[in-house]
Structure formats: C-alpha cells, structure tokens
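Okay, structure first, notes after.
Positions are given from 1 along the sequence. Heavy atoms only: backbone and side chains are in, while hydrogens, waters and symmetry mates are out. Just so you know, ligand 1 is whichever comes first in the structure, and atom 1 is the first atom listed for that ligand. Everything numeric here is computed off the predicted structure, so don't read it as measured data.
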Amino acid sequence: MEERTLAVFESEPIIFALFGNPVGHSLSPLMHQAAYREMGLNAVYVPFCVRDLEAAVRGIRGMDIRGVSVTIPFKEEVRKHLDEFEEGSGRIGAVNTVVNEGGRLRGYNTDWIGFVRDLKEWMPIQGRTFGVLGAGGAARAVLFGILSAGGKPVILNRTAARGEALAKEFGCSFLPLSEIRALEADCLVNTTSAGMAPQVNRSPVEGRDLDKFTWVVDIVYNPLETKLLQDARMAGCHTGSGLGMFVHQGAEQIRLWTGAEPPVESMKRAVRQRLEKNEKN
Ligand code: ATR
C-alpha cells in the first residue's frame with residue numbers, strides 16, 4: 001500500500017507558473033513547455049493573470065508550485081512577500097524568478113544573467129564600453145549585467161534627473177540622450193520600449209548616430225528586428241535582438257527550478273517561430 005502511494009506521488013506533475021497582469025501575450029508558456037517536453041519532464045507551466053499578489057504568493061506554498069516567473073507589473077512588489085533574495089535581485093530591485101524550497105520562497109533576477117549569456121555568445125564584454133539607453137527597470141538589470149561581466153556602462157537618458165540618479169547608484173557615468181554624438185562606446189544597448197510592437201516605426205536614436213558603434217543590441221524582441229536594429233544594420237554595425245536575452249533568462253529559471261540543463265536552442269527556435277508567424281499576420 002505504501003509503495004503504491006509513493007508511485008502515485010512520484011507521478012505528480014511539477015508545477016511552474018507565470019504571475020503577471022496581463023499575461024495573454026506572453027511567450028514564456030510556449031518557451032517553457034517546449035523545454036519541458038524535450039527534457040522529458042512531467043511538468044506544466046501555467047500563466048496566471050494575478051489580481052491579488054499576496055494571495056497568489058500564498059498559493060505558491062499552498063499548491064506546492066515549484067517555481068514562478070514574475071513579470072509586469074509585479075517584479076518590484078513581489079519582493080515584500082518573499083523570504084530571501086539572491087544578490088542580483090537586491091541590487092536591481094526586481095525579482096523575475098521565485099524558487100520554492102520546501103515552503104521558503106527565494107527571489108532571483110535572471111534578466112541580467114540572460115543579457116550577459118546572450119551577449120557573450122557574440123561579443124566581448126570585459127573592458128568594453130556600453131552606452132545604455134534608458135533608466136527604468138530594464139536598464140537596471142542590463143547595468144548590473146555589464147558591471148558583473150567587467151564592462152563599463154554609460155547611461156543615456158532623455159530625462160537627465162532620472163539618468164543621473166541611476167548613474168550615481170550604480171557608480172557609472174551619465175550623458176543626456178541628446179548628446180549621444182559625444183559618446184565614445186563600443187556597443188549601444190537599448191533598454192527602452194521605443195520600437196516595441198505595435199510602435200514598430202519608432203527608435204530612440206537617429207540612424208545617423210549609429211555608425212560609430214561596432215555593436216548595437218536591443219532588448220526588445222517583438223519585432224525581432226526593431227527600427228533601431230534595421231538602422232544599425234544599414235550603418236554597418238553588428239546587431240543583436242532581445243530574443244537571446246529572453247530565452248537565456250528563461251533557461252536560467254529552468255536551471256534554478258530543476259537543476260537540469262535546458263535545451264536553449266529548441267527554446268529559441270520555438271519563440272522565434274511564433275514571433276515570425278505573428279509578424280507575417
Ligand atoms: P522599464 O521599467 O520597463 O524599463 P520604464 O521604467 O517606463 O520601463 O522606463 C522606461 C525608460 O525608457 C525611461 O528611461 C524612459 O526615459 P525617461 O526617463 O526620459 O522617461 C525611456 N524611454 C521610453 N520611451 C522612450 C523614447 N521614445 N525615447 C527615449 N527614451 C525613452
């Protein structure tokens with residue numbers, strides 16, 4: 001009898017969740033399910049459009065949810081409901097990943113890791129200078145990533161006060177966005193939402209200001225090639241979309257939740273195919 005109970009218990013699916021509001025357009029469920037299928041894990045990843053965050057976090061313990069991805073608008077707020085944090089999430093001030101260790105909830109930020117992993121696949125970071133466009137939450141993850149990997153960031157922001165405050169906090173320099181021509185940097189990284197669907201004709205920077213950068217990265221992945229990246233490609237720069245960062249932040253979540261190595265290329269393929277299909281329609 002005892003053996004039978006154990007067998008049933010072992011066949012329980014592992015539950016992962018996404019907490020956000022809204023979540024209908026998220027590509028995380030597609031990406032995670034693709035990974036678990038290939039890994040042969042008996043796991044499901046469920047998107048929840050959360051209305052009461054505190055109750056939802058209680059549900060992680062109550063329903064023994066193994067891990068949760070946290071997205072807009074809860075990345076900052078979720079912290080006050082958790083038990084402990086890894087260093088990056090503290091410095092960035094945002095949690096995008098919760099790990100449930102037997103009822104103790106630990107907050108992580110895998111956005112910065114995703115950014116660094118993707119960048120390292122195609123450009124060096126150590127000792128290079130990066131112009132970072134924007135001073136919001138996404139900029140904080142990118143700045144932490146660049147500094148952790150030995151790069152030198154310079155913040156460029158439209159609103160000087162916000163950019164200066166962030167530069168002071170992270171111990172880096174600041175330049176008003178209007179003075180981008182004075183910037184000497186190897187790589188330009190866009191962390192603003194300018195150019196994200198449906199505003200696909202927008203770019204935070206004039207095309208004529210791009211040719212001095214060897215590399216231009218946009219953390220936006222929808223569309224796959226933003227106006228900024230189109231302009232950068234025309235200006236002869238190497239370009240990288242936000243797809244890689246998105247996939248690598250998800251892959252790191254899977255490592256934290258399962259301890260196993262996720263199939264990064266299959267995850268990337270699944271997300272790319274869906275984005276290409278959406279762009280055609
Ligand atoms: P998130 O937390 O997702 O990064 P956010 O906090 O709204 O988003 O931050 C958006 C950042 O993008 C801000 O730094 C904003 O500049 P301001 O501080 O001047 O508002 C920047 N941003 C947004 N749209 C922009 C645009 N069209 N051109 C330049 N900067 C833009």
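- Closest to atom 18 (O) of ligand 1, if we only count protein heavy atoms, is N157 ND2, 2.9 Å.
- The residue among T159, V205, I72 with a heavy atom at the shortest distance from atom 17 (P) of ligand 1 is T159.
- Considering backbone and side-chain atoms alike, G134 places every N or O at 3.5 Å or more from each N or O of ligand 1.
- The shortest heavy-atom contact between G93 and E76 is O-CG, 3.4 Å.
- Around atom 10 (C) of ligand 1, the closest heavy atom drawn from R202, M196, R162 belongs to R162.
- Contacts of R158 with ligand 1, taken as heavy-atom pairs under 4.0 Å, involve both backbone and side chain.
- Close N/O approach between A139 and ligand 1 is not found [any backbone or side-chain N/O within under 3.5 Å].
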For this session: Before giving the answer on side chain to side chain contact (heavy atoms under 4.5 Å, CB included), spell out for V78 and V57 the whole-Å C-alpha distance, their side-chain angles and the decisive distance to 0.1 Å.
Result: CA-CA 8 Å; V78 75; V57 174; 4.1 Å; yes
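- Set against the non-hydrogen atoms of A138, the atoms of ligand 1 under 4.0 Å away are 1 (P), 2 (O), 4 (O).
- If you check each of L177, L166, T192 against atom 22 (N) of ligand 1, the one with the closest non-hydrogen atom is T192.
- You'll find the ring centres of Y36 and F16 inside the 6.0 Å limit.
- Side-chain contact between F213 and L183 is present, with at least one heavy-atom pair separated by less than 4.5 Å.
- Ion pairing between E184 and K212 fails under the 4.0 Å rule for side-chain N and carboxylate O.
- Within ligand 1, the atoms closer than 4.0 Å to a non-hydrogen atom of G136 are 2 (O), 4 (O), 6 (O), 9 (O), 14 (O), numbered from 1 in the order shown.
- Below 3.5 Å of separation, one finds an N or O of G137 facing an N or O of ligand 1.
- Protein non-hydrogen atoms do not reach within 4.0 Å of atom 7 (O) of ligand 1.
- For the pair R106 and Y108, the distance from NZ or CZ to the six-membered ring centre is under 6.0 Å and the angle to the ring normal is within 45 degrees.
- For H32 and W257, the ring centers sit closer than 6.0 Å to each other.
- Cation-pi contact between R79 and F74: absent, since separation from the ring centre below 6.0 Å together with deviation from the ring axis within 45° is not met.
- Per-residue contacts place A194 under 4.0 angstrom from the following atoms of ligand 1 (heavy atoms of the residue considered): 26 (C), 27 (N).
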